[in-house]
Protein chains: 2
Amino acid sequence: MKPDQEHGIVEAQLRQKGHRWTNQRALIVRMAFATHDHFTAEQLLDICRREDPKVSRATVYRTLAVLEQEGFVEGLETGDGGRRFEHVLGHEHHDHMVCLGCEQILEFHDDELEQRQLLAARRLGFQVLRHSLRLYGYCRACQRAGNSQRAAKGP
Amino acid sequence: MKPDQEHGIVEAQLRQKGHRWTNQRALIVRMAFATHDHFTAEQLLDICRREDPKVSRATVYRTLAVLEQEGFVEGLETGDGGRRFEHVLGHEHHDHMVCLGCEQILEFHDDELEQRQLLAARRLGFQVLRHSLRLYGYCRACQRAGNSQRAAKGP
DNA sequence: GTAGGTGCAAACCTTTTGCAGCATG
DNA sequence: CATGCTGCAAAAGGTTTGCACCTAC
């Protein structure tokens, strides 16, 4: 899916849900969908301010909340108290491996895994709306670099 | 395992690692292991203050950090930005289902699930140290009560 | 015209830190 | 008696909110 298309879909759905489509929202959505990384709210603010220096922090947070609520963006905790976002549109669902060495986030997907999660839930009569699976450890490069030998927050 | 035993094990290992065993730590450990729930730092502070009103917030946080580092306690993000802890000693490893209706946390375990996670990681050359799997949705009771019909934060 | 959105600054909440005094080993 | 731990208060993130103004519809 092209950025333009994604942008249009977001605009259409927000309008349909009774939200207004403002310049700020257009900018924030464009920037959020332009990066294919997992960004923090603060990073997104910075990027937006490069184009319009007076976008407010509050607006970014408020827009992210709307986008999350409408399912266009997903928040994920990094384990160190931080929170990142990623856009969801045009991405298959996937889970994450978080490298404690270089902070890189790898994505993966395994259908069998998903099935077993649902099975486990069904056994307990639990109705699953969404899930979050994260593996923490070291990526290939960091293993080679010996990052896995020192403590995560080591000297 | 009896609470006394757990308490003793924690004391022994902390001492052995060169930590001191103070009244405050004994209290905090006792309280942390007394509850079988998933508690926030603030809740633990409150509970401890019932017995010793001048325990400091900083001490609770510092002690939780030591306990987490030594593997006696595990922190888990609740998805709403909050953080909870649970004691680990005498618990098998398990994953969590978080009910969005009553905030209850159900525990479950599935070996096959764990195996497939490791397999997925191995495919990408990723070395897993720990993982976190959470299913969000509604428990049986909340489904019956119709909580799943309203928005999570609904009126 | 009237909601809803925006910018600003202040409030908030949770966690961390600097420091002087205290207690443990 | 030296070092690690504690309590306090203040600082530090990151996120939310109150309010007056603005703008999309």
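Put simply, Gln24(A) has no side-chain N or O that comes within less than 4.0 Å of OP1 or OP2 on dT23(D). Distances shown here put a side-chain N or O of Tyr61(B) below 4.0 Å from the OP1 or OP2 atom of dT15(C).
The side chain of Ser56(B) lies closest to dG7(D), out of dG25(C), dG7(C), dG7(D). Considering only the side chain of His19(A), dG5(C) comes nearest among dT15(D), dG5(C), dG7(C). Each of dA9(C), dT6(C), dT15(C) was ranked by its minimum atom distance to the side chain of Ala58(A); first place goes to dA9(C). When the nucleotides dT16(D), dT14(C), dA24(D) are ranked by their closest atom to the side chain of Arg20(A), dA24(D) comes out on top. The nucleotide whose nearest atom lies closest to any side-chain atom of Thr22(A) is, among dT6(C), dG14(D), dT2(C), dT6(C).
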TODO: Under the side-chain contact (heavy atoms from CB on, under 4.5 Å) rule, what do Leu27(A) and Gln24(A) come out as? Steps first, then yes or no, please.
DONE: CA-CA 5 Å; Leu27(A) 173 60; Gln24(A) 291 90 330; 5.7 Å; no
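For the pair Gly18(B) and Val55(B), nearest-nucleotide mapping onto DNA chain D gives the more 5' position to Gly18(B). Judged by closest nucleotide on DNA chain C, Arg62(A) is the one of Arg62(A) and Arg57(B) placed further toward the 5' end.
Straight-line distance from the CD atom of Gln16(B) to the C1' atom of dT24(C): 18 Å, rounded to whole Å. Leu45(B) places its CG atom 13 Å from the C1' atom of dC8(D), with the value rounded to the nearest Å. Atom-to-atom, CH2 of Trp21(A) to C1' of dT23(D) comes out at 16 Å; the value is rounded to the nearest Å. Rounded to an integer number of Å, the gap from NZ of Lys54(A) to P of dG5(C) is 19 Å. Rounded to a whole Å, the CZ atom of Phe39(A) is 16 Å from the P atom of dG14(D). The nearest whole Å value for the distance from the CZ atom in Arg15(A) to the P atom in dG4(C) is 16 Å. In this structure, Arg83(A) places its CZ atom 15 Å from C1' of dG13(D), rounding to the nearest Å. For the pair Lys17(A) NZ and dG4(C) C1', the computed distance is 17 Å after rounding to whole Å.
In this structure, Arg25(A) reaches the sugar-phosphate backbone alone: every heavy-atom distance under 4.0 Å involves primed, P, OP1 or OP2 atoms, never a base.
The one candidate from His87(A), Glu107(A), Gln43(A), Glu74(A) that meets the side-chain hydrogen bond (donor to acceptor under 3.5 Å, both in side chains) condition with His38(A) is Glu107(A).
Salt-bridge check for Arg83(B) with Glu68(B): passed, with a basic side-chain N closer than 4.0 Å to an acidic carboxylate O.
Scanning both residues, Leu135(A) and Ala121(B), for their nearest heavy atoms gives CD1-CB, 4.1 Å.
Side-chain N or O atoms of Gln143(B) include one that pairs as donor or acceptor with a backbone N or O of Gly125(A) at under 3.5 Å.
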